[in-house]
Number of protein chains: 2
Amino acid sequence: MATLKDVAERAEVSVSTVSRVINKEPLVKPGTREKVEAAIEELGYLPNRVAQRLRSINYRKKLIGLVLPDIQNPFYVDVVRGVEEAAYRQNFSVMIGNFDQTEEKEKIFLEILQSESIDGLIVAPARGRDENIRKVIENGYPVVCIDRGLVDLDVDVVKVNNEEGARNAIEFLIGLGHRRIAHITGHPSIATTRERVAGYDMAMRAHGLDIDPELVRNSDSSYQSGAELMQELIDLDEPPTAVFTANNLLTLGALKTIHENELHIPEDISIVGFDDMYWSSSLNPPLTAVRQSGYDIGGLATELLVKKIAHPEASTSSVVLDTELIVRHSCKPPRGSVA
Amino acid sequence: MATLKDVAERAEVSVSTVSRVINKEPLVKPGTREKVEAAIEELGYLPNRVAQRLRSINYRKKLIGLVLPDIQNPFYVDVVRGVEEAAYRQNFSVMIGNFDQTEEKEKIFLEILQSESIDGLIVAPARGRDENIRKVIENGYPVVCIDRGLVDLDVDVVKVNNEEGARNAIEFLIGLGHRRIAHITGHPSIATTRERVAGYDMAMRAHGLDIDPELVRNSDSSYQSGAELMQELIDLDEPPTAVFTANNLLTLGALKTIHENELHIPEDISIVGFDDMYWSSSLNPPLTAVRQSGYDIGGLATELLVKKIAHPEASTSSVVLDTELIVRHSCKPPRGSVA
DNA sequence: GGAAAAAATGGGAACGTTCCCATTTTTTGT
DNA sequence: ACAAAAAATGGGAACGTTCCCATTTTTTCC
């Protein structure tokens, strides 16, 4: 592959000048610039990003890391797209790591990213307290969290208003006449889970409804546990007439169980899921869901990170986006109600 | 961050020796190795992968690229997981690029990867002919294709037996008594599409059924076009009693339209999809699908690539995996049939 | 016990860039 | 037209490693 030196020789200028052209620095005479650009074209020169990164000063490496707990979750796929798009606009590359919810993999991946000399990091922490991420921050890397923040750490966050999203969903169900509303939650160690539970509680209490602890069940946020917990709810002496699932994997798991039990949605049971998917209309019936835009979250997080890379001293900020309740056809008043 | 030099000073050995320890080379006295490892531990040293990559000889950079047309497609997400897992086992990192089906993005991404000094590349070509990929191969990079190969280029491929997969699906439908079986295909420029169509044709002909060209419709493999083409099929004077969709996005799109038209699966129409998803059981009714393991494909492609990186002179090989028809509940004999 | 062979270690160039400073060229103002 | 200022270019060290070769130390074997 052609190097800077090759280009310099061809264009009959110094290596420094070619470097300046590559980096679009202003102090190059137009004529020189053209000569150099011609040489680059002729040689098919591509800058070696590895050498660039090795030599460049901190905030100019043009590489950010993205660390996600579960790439099988469509929400995070949207985040990936949002981050890639925004990063691309700012001429940054993205290195993606998926740690499948395991702490060990997360640690390894964070180390790799630091070894790769990233400028900064976007991460969706699996737990509220995360020693691995704390270390990265202590090492001086700019970090932006998505989806949820970190306990004890003052860090930039881009997230949605989970409490409100959950509250809207529950109030919608209450409005339809439901009283026994179940909530399959995520892992209680995650802030997101607690906020969504808080929204559930708030809505229930605001309408004078008791919260039956049997109807609120913690999970590990997986497809599997969504299916299992749904079965437990169905097997209850007095099963719920509606269920609110705290993320899309749980929703899909719950749907599986509902279908297996040959219950009909929405006649036998209503369901609202947190997280919408582009194919939610393909479900039967089309799913009513609380939409949070992973794409927007990823995009905003990237912009925030890029700013922070340029101005590391700036104070931390947090962005809270609104959710939207997308009403489709998976809910109706409970049997025998007079809504 | 601590460097090799820091470790060397602390352990009172030369930089070369530390490098040898890092790279697990055998020619180090056990005692020395321990001293060095202690120093590494104490300083929290992490090798700088950028410097390593810059200096290392060709096949030792320990980085591979993965270029995919559409990360929103769950099949490719499985591929990502398979590649990451296998790469991790071999101590390789993976740089992922998603080009959203656009040629321009693909080009940019392939250039970035070359700039990043990758050892080799796994790619799912969007088209059968791809100048961008051809260039990468000409530049001497080992390349393994997944899902489909490239016209005119002798390249390693890991794929499934598409023809057989499609044939099995169609024969299953014929066995149930269907005669008017539609096929929503992918883009005709893609080999995968042609192979699946060939399987469809073969099955139909083998059972003496005419192929009605109205029932075979080309798409761009998107969710949107799956929905649109399904509507066209439903609007036919003599609509099909069963439909075979050529990938999971098309399947989801078709399902949306079927539900919108208030048709019932499988009473009004049967559907078999190419590509299974882990949540196919969550669809209502659970989807009958031709399963191809993206995870296995990704894993095998990675192993093949790693071998090729070590022995670039080896002749190209291609791996063809079998598909599996997962029968769930989205198919039954057509109305009025005496199956 | 000593020479030869093998093992272990060290020194320094090189990878392809950027960055800093020095030098040369051009522009500006009078 | 000339000095001063500004713009443009060049030279070479440095980034943190690996790799090659040289040197030193240890082992082997008669």
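Atom set for the values below is all heavy atoms of this structure, side chains included, hydrogens, waters and symmetry mates excluded. Letters go in sequence order (proteins before strands), and every chain restarts at 1.
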Are [X] and [Y] close enough for a salt bridge, meaning some N to O gap below 4.0 Å?
{"X": "B/R53", "Y": "A/E116", "result": "yes"}
{"X": "B/K35", "Y": "B/E12", "result": "no"}
{"X": "A/K308", "Y": "A/E303", "result": "no"}

With heavy atoms under 4.0 Å as the rule, sort [X] into base, sugar-phosphate or nothing.
{"X": "A/V15", "answer": "base"}
{"X": "B/R60", "answer": "sugar-phosphate"}
{"X": "B/I22", "answer": "nothing"}

Mind calculating the distance between [atom1] ([X]) and [atom2] ([N]) to the nearest angstrom?
{"X": "A/R20", "N": "C/dC20", "atom1": "CZ", "atom2": "P", "result": "12 Å"}
{"X": "A/I57", "N": "D/dC15", "atom1": "CD1", "atom2": "P", "result": "10 Å"}
{"X": "B/D119", "N": "D/dT18", "atom1": "CG", "atom2": "C1'", "result": "14 Å"}
{"X": "B/L54", "N": "D/dT18", "atom1": "CG", "atom2": "P", "result": "11 Å"}
{"X": "A/N23", "N": "C/dC19", "atom1": "CG", "atom2": "P", "result": "7 Å"}
{"X": "A/K29", "N": "C/dT24", "atom1": "NZ", "atom2": "P", "result": "16 Å"}
{"X": "A/L4", "N": "C/dT17", "atom1": "CG", "atom2": "P", "result": "4 Å"}
{"X": "B/R55", "N": "C/dG16", "atom1": "CZ", "atom2": "P", "result": "9 Å"}

Using Watson-Crick or G-U wobble geometry with both distances under 3.5 Å, which nucleotide pairs with C/dG29?
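D/dC2 - that is the nucleotide pairing with C/dG29, both distances being under 3.5 Å.
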If we call it a pair only when both distances are under 3.5 Å in a Watson-Crick or G-U wobble match, what pairs with D/dT18?
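D/dT18 is paired, partner C/dA13.
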Check for a donor-acceptor pair, side chain of A/D70 on one end and backbone N or O of A/D100 on the other, with a separation under 3.5 Å.
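Not a single qualifying donor-acceptor pair exists.
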Check every atom of [options] against the side chain of [X] and return the nucleotide holding the closest atom.
{"X": "B/T17", "options": "C/dT9, C/dT17, D/dT18", "answer": "C/dT9"}
{"X": "A/N48", "options": "D/dG16, C/dG16, D/dG10", "answer": "C/dG16"}
{"X": "A/T3", "options": "C/dT17, C/dT9, D/dT17", "answer": "C/dT17"}
{"X": "A/Y45", "options": "C/dC19, C/dT9, C/dT17", "answer": "C/dT17"}

Nearest-nucleotide wise, let me know which of A/P47 and B/S16 is further upstream toward the 5' end of DNA chain C.
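In this pair, the answer is B/S16.
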So which one's nearest nucleotide on DNA chain C is more toward 5', B/S56 or B/T32?
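The residue closer to the strand's 5' end, by nearest nucleotide, is B/T32.
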If only side-chain N and O atoms count, and only distance matters, is there a donor-acceptor pair under 3.5 Å linking A/N48 with B/S115?
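Absent: no donor and acceptor within the cut-off.
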